[in-house]
Amino acid sequence: PTLAGPTADEHPPRIVTVAPPPGSARRAPTREPANEVEPAEERAKKLYLRLGLGMGFPFGSDVADGAQDRNQHKLNFRGLGVALDWMGGMALLPSLAVGLGATTDTLTSGTVKNAGDERKLEHSLYFAVIGGFVDFYFQPPAGFHMQALLGLSHLSRADDLGENTGNGFGVVLGAGYDLPVGQRWNIGVLARVAMSSLSMGAVGNESPSPTLYEPTLVW
């Protein structure tokens with residue numbers, strides 16, 4: 001004989017519910033906040049800096065280290081120079097940067113012609129254009145780009161910036177190509193030309209009116 005126990009229908013299983021302890025109500029899972037870029041890092045990504053060094057090939061009229069040999073004739077100048085570019089600003093768009101900059105050039109050598117007479121440049125000349133610039137990249141953050149700077153210009157002897165100086169307005173136009181060498185750095189070449197028409201105070205009985213053009217290649 002077998003002894004059969006109670007069936008499941010006769011004694012259904014008991015379901016016991018345990019209440020959570022006070023103060024431990026279940027909370028909906030919260031999503032962790034996304035990592036946000038710090039404001040300082042965001043500003044750093046928009047920062048634009050450009051430094052350039054190269055060689056210039058200046059030429060123009062009434063450009064010389066002295067106007068005493070002008071003799072009522074315009075001087076014609078042609079020479080060589082060392083160029084420096086300093087620019088800083090912000091990237092308003094990935095392809096467009098604006099800011100303030102300066103192109104400075106030291107005209108280290110050259111010849112001055114006057115009515116058939118020709119002499120060597122005895123003192124280096126200093127030429128600069130300081131103002132606002134725009135730089136546009138066609139495929140940012142590197143590649144082909146075009147740049148323009150418009151501002152005040154200055155021309156004088158390099159060893160005396162305050163004597164026989166010419167001042168006026170100048171424009172610098174350039175085009176170049178950059179290669180990326182890091183997350184935020186490029187290296188490239190830029191061909192630019194600076195153009196300026198200046199006014200100068202009378203030197204003795206002479207009234208020079210310098211006009212300078214300088215094609216330049218900078219890295």
Side-chain angles (χ1 to χ4, degrees), residues 48-67 70 74-89 96-114 120-138 144-178 186-201 203 207-219:
Y48 175 100
L49 295 174
R50 175 175 288 277
L51 302 176
L53 172 65
M55 181 68 70
F57 308 91
F59 63 93
S61 61
D62 273 353
V63 175
D65 51 351
R70 190 171 181 268
K74 279 192 174 183
L75 305 173
N76 293 308
F77 171 80
R78 185 175 298 273
L80 295 174
V82 177
L84 289 173
D85 287 1
W86 312 81
M87 298 187 182
L96 180 65
V98 300
L100 298 176
T103 61
T104 63
D105 303 89
T106 302
L107 314 186
T108 55
S109 63
T111 58
V112 180
K113 292 183 179 181
N114 179 12
K120 296 291 185 181
L121 200 68
E122 298 177 359
H123 303 276
S124 297
L125 299 176
Y126 177 78
F127 172 65
V129 180
I130 302 175
F133 77 89
V134 294
D135 198 353
F136 182 80
Y137 281 80
F138 290 85
F144 183 71
H145 67 107
M146 299 186 71
Q147 181 176 284
L149 182 147
L150 177 66
L152 302 176
S153 58
H154 174 90
L155 176 67
S156 67
R157 276 177 43 172
D159 59 348
D160 192 343
L161 302 182
E163 182 179 356
N164 298 336
T165 62
N167 297 292
F169 291 94
V171 60
V172 183
L173 302 176
Y177 193 89
D178 284 1
N186 293 344
I187 187 170
V189 62
L190 178 77
R192 63 167 173 83
V193 58
M195 301 165 285
S196 181
S197 179
L198 307 106
S199 60
M200 180 180 292
V203 181
S207 298
S209 53
T211 301
L212 183 66
Y213 304 91
E214 186 179 26
T216 306
L217 188 65
V218 296
W219 293 93

- [ ] Any chance you could lay out the side chain to side chain contact (heavy atoms under 4.5 Å, CB included) test for Thr111 and Lys120, step after step, and finish with the verdict?
- [x] CA-CA 5 Å; Thr111 58; Lys120 296 291 185 181; 3.7 Å; yes

- [ ] Please report the C-alpha distance between Leu125 and Asp65 in whole Å, then the side-chain angles of each, then the deciding distance to 0.1 Å, and finally whether the side chain to side chain contact (heavy atoms under 4.5 Å, CB included) criterion is met.
- [x] CA-CA 7 Å; Leu125 299 176; Asp65 51 351; 4.0 Å; yes

Task: For Tyr137, all residues meeting side-chain hydrogen bond (donor to acceptor under 3.5 Å, both in side chains), sequence neighbours excluded - done: Arg50, Asp178

Measuring from [X]:[atom1] to [Y]:[atom2], what's the distance to the nearest 0.5 Å?
X: Asp105; Y: Leu84; atom1: CG; atom2: CG; result: 8.0 Å
X: Leu53; Y: Trp86; atom1: CG; atom2: CH2; result: 9.5 Å
X: Phe138; Y: His145; atom1: CZ; atom2: NE2; result: 10.5 Å
X: Thr165; Y: Tyr126; atom1: OG1; atom2: OH; result: 12.5 Å

Open item on the list: Can you confirm whether Tyr213 is buried at OH, in the sense that more than 12 heavy atoms of other residues, nucleotides or ligands lie under 6.0 Å from that atom?
Closed with: no

- [ ] Please check if atom CG in Leu80 has more than 12 non-hydrogen atoms from other residues, nucleotides or ligands closer than 6.0 Å.
- [x] yes

Do any side-chain atoms of residues 148-162 form donor-acceptor pairs under 3.5 angstrom with protein atoms, and if so which ones, sequence neighbours left out?
from	atom 1	to	atom 2	distance (Å)
Ser153	OG	Gly168	O	3.3
Ser153	OG	Phe169	N	3.4
Ser153	OG	Ser196	OG	2.5
His154	ND1	Asn167	OD1	3.0
His154	NE2	Ser156	OG	3.0
Arg157	NE	Asp159	OD1	3.1
Arg157	NH2	Asp159	OD1	3.4
Arg157	NH2	Asp159	OD2	2.8
Asp160	OD1	Gly162	N	3.2
Asp160	OD1	Glu163	N	3.4

Considering all heavy atoms of both residues, which atom of [X] and which atom of [Y] are nearest to each other, and what is their separation?
X: Ala102; Y: Ile130; value: CB-CG1, 3.8 Å
X: Arg192; Y: Ala83; value: NH2-CB, 3.4 Å
X: Asp62; Y: Ser209; value: OD2-N, 3.0 Å
X: Thr106; Y: Ser124; value: CG2-CB, 4.2 Å
X: Leu49; Y: Gly88; value: CD2-CA, 4.2 Å
X: Met55; Y: Gly81; value: SD-O, 2.9 Å

Side chains of [X] and [Y]: does their closest heavy-atom pair fall under 4.5 Å?
X: Phe57; Y: Phe59; result: no
X: Leu121; Y: Phe77; result: yes
X: Val172; Y: Gln147; result: no
X: Val171; Y: Val129; result: no

Open item on the list: side chain to side chain contact (heavy atoms under 4.5 Å, CB included) for Val63 and Phe127? Distances and angles first, verdict last.
Closed with: CA-CA 11 Å; Val63 175; Phe127 172 65; over 6 Å; no

- [ ] Check step by step if side chain to side chain contact (heavy atoms under 4.5 Å, CB included) holds for Asp135 and Met87.
- [x] CA-CA 10 Å; Asp135 198 353; Met87 298 187 182; over 6 Å; no

Task: Asp85 side chain vs Gly52 backbone, donor-acceptor pair below 3.5 Å - done: no

